[in-house]
Amino acid sequence: MNTVTIDQAGAEKLIGAKAPMIDPFGRAVTYLRVSVTDRCDFRCTYCMAENMTFLPKKDLLTLEELNRLCSAFIAKGVRKLRLTGGEPLVRKNIMFLVRELGKHVHSGSLDELTLTTNGSQLSRFASELADCGVRRINVSLDTLDAAKFKQITRWGELSKVMEGIDAAQAAGIHVKINAVALKGLNDAEIPDMLRWAHGRGMDLTLIETMPMGEIDEDRTDHYMPLSEMRDRLAREFTLSDIAYKTGGPARYLSVTETGGRLGLITPMTHNFCESCNRVRLTCTGTLYMCLGQNDAADLRTPLRASDDDAYLSRVIDEAITRKPKGHDFIIDRTRNKPAVARHMSVTGG
């Protein structure tokens, strides 16, 4: 990883960025994704090795520090903030951070606070999440078959995820289902998942697997181009491109037969970088300006160097000037190593 650390003297020479944060390609950075932990209670085969080595807990920022960092980004123009992991709801006392960030939603300084979860802990927290201003969440769910779910997640129980979805909807939270399209594993049941999701008032977004981190299998074995999946679905459904956006990378289609929406996230077959408005913060205070690049900035040092945010703000400004035009993801059999060495759980997708 090419992490750049700036000392305070160097940072003080930098020119403060105008709000909102604008990258070198004229894109406003208004969306922050925060990985609050690299730990997860699942071991999805396309995401992690079964025997993972996680960060020592002493290396993690405290929840108070994460709140201060997030607040600094909100002050610099971030309007949407998503908590991710790993699995964000396994972080001890995570609701402290959600409550603090929810104050920005209630004050109007943040348009949306949301999270991506595997749903395993959702039944415990759904009501409180709603009270904190969370109105929309993404639940990662790749199959409705309990045995296949166990195969893909290794450790997961489908029934617990279903309970979590029920609890979220009962609390008034809009749920979107995210499914990684996996050739030979779940591709045949995508039409049924689409009907199920739309039947419950949930959008479904399909995602191409991304070459991040060493896992226990060859990703090319299950890589499914979504252009191919769209062609398959078009044999059963009437699909129409629509302009609907949620602030993320998905492109949306309407499905006439179900009345619902289908999202496609295609980092491999259709690079979505031209409209990227996102940066990613890890639980150790490392800022990645691109999911598919290794360049990063250390925010922990300036965070802990002063109680004043001026130094931290300048380091963030400098990092935004290094946001690249796009990622370098490639999946093929000639390239045996992942495009990016870190696992998805480090930056939260």
Side-chain angles (χ1 to χ4, degrees), residues 1-24 28-38 55-85 88 91-111 113 132 277-290 293-324 342 346-348:
M1 181 178 70
N2 180 27
T3 303
V4 176
T5 303
I6 304 172
D7 62 21
Q8 186 160 2
E12 294 299 333
K13 296 178 182 178
L14 295 171
I15 299 173
K18 297 180 178 66
M21 296 175 285
I22 305 295
D23 78 1
V29 177
T30 58
Y31 181 5
L32 178 67
R33 298 177 64 107
V34 184
S35 176
V36 298
T37 178
D38 66 331
L55 293 165
K57 291 184 179 179
K58 64 179 178 60
D59 290 351
L60 273 61
L61 295 181
T62 67
L63 294 174
E64 290 81 2
E65 287 175 323
L66 281 172
N67 179 46
R68 183 179 160 201
L69 273 179
C70 292
S71 298
F73 275 95
I74 293 168
K76 295 177 72 62
V78 160
R79 300 298 303 177
K80 176 178 177 180
L81 197 150
R82 178 178 295 276
L83 301 180
T84 68
R91 174 87 190 247
K92 188 177 180 180
N93 297 325
I94 185 59
M95 292 310 301
F96 165 80
L97 179 61
V98 177
R99 283 192 299 273
E100 291 300 303
L101 295 176
K103 294 175 183 177
H104 294 286
V105 176
H106 295 311
S107 73
S109 58
L110 188 64
D111 292 334
L113 172 63
C132 293
N277 61 342
R278 300 170 294 286
V279 289
R280 292 167 170 84
L281 178 67
T282 75
C283 55
T284 62
T286 299
L287 182 71
Y288 286 96
M289 287 68 78
C290 175
Q293 300 278 3
N294 284 320
D295 187 31
D298 167 32
L299 300 187
R300 179 167 57 183
T301 297
L303 178 74
R304 293 179 173 175
S306 171
D307 291 334
D308 186 285
D309 284 346
Y311 172 29
L312 172 64
S313 180
R314 289 179 173 86
V315 176
I316 293 172
D317 291 344
E318 194 279 336
I320 299 301
T321 69
R322 294 190 278 115
K323 183 169 169 59
R342 69 181 182 277
V346 173
T347 43

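Using a 4.0 Å cut-off between a side-chain N of Lys or Arg and a carboxylate O of Asp or Glu, R304 and E65 qualify as a salt bridge. Of the charged side-chain nitrogens involved, at least one lies within less than 4.0 Å of a carboxylate oxygen, so that R322 and E318 count as a salt-bridged pair.
Between the R278 side chain and the C290 main chain, no donor and acceptor come within less than 3.5 Å of each other. Under a 3.5 Å cut-off, the side chain of R314 and the backbone N or O of A310 do form a donor-acceptor pair.
Minimum heavy-atom separation, P302 to Y311: CA-CE2, 3.4 Å. The shortest non-hydrogen separation linking C132 to V98 is CB-CG1, 3.7 Å. Pairing each heavy atom of L299 with each of L287, the nearest pair is CD1-CB, 3.9 Å. The minimum heavy-atom distance between L281 and L69, with the atom names listed, is CD2-CD1, 3.8 Å. When all heavy atoms of D59 and R300 are compared, the closest pair comes out as O-NH1, 2.9 Å. Pairing each heavy atom of Y288 with each of Q293, the nearest pair is CD2-O, 4.0 Å.
Note that CG of L63 is 15.0 Å distant from CZ of R68, once rounded to the nearest 0.5 Å. Separating the CD1 atom in I74 from the CG atom in L101 is a distance of 6.0 Å, to the nearest 0.5 Å. Separating the CD1 atom in I94 from the CG atom in L66 is a distance of 7.5 Å, to the nearest 0.5 Å. For the atom pair NZ (K323) and CD1 (I22), the distance works out to 12.0 Å, reported to the nearest 0.5 Å. Rounding to the nearest 0.5 angstrom, the gap separating the CD1 atom in I320 from the NZ atom in K76 is 8.5 Å. The CG atom of L312 sits 6.0 Å away from atom CG of L303, with the distance rounded to the nearest 0.5 Å.
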**Request:** Show your reasoning for whether side-chain contact (heavy atoms from CB on, under 4.5 Å) applies to M21 and V279.
**Result:** CA-CA 11 Å; M21 296 175 285; V279 289; 5.8 Å; no
**Asked** Can F73 and V34 be said to form a side-chain contact (heavy atoms from CB on, under 4.5 Å), step by step?
**Response** CA-CA 11 Å; F73 275 95; V34 184; over 6 Å; no
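The shortest side-chain heavy-atom distance between T37 and K92 does not fall under the 4.5 Å cut-off. Under the 4.5 Å side-chain criterion, counting only non-hydrogen atoms from C-beta, N277 is not in contact with K80. Residues S35 and R280 are not in side-chain contact: their nearest non-hydrogen atoms beyond the backbone lie 4.5 Å or more apart.
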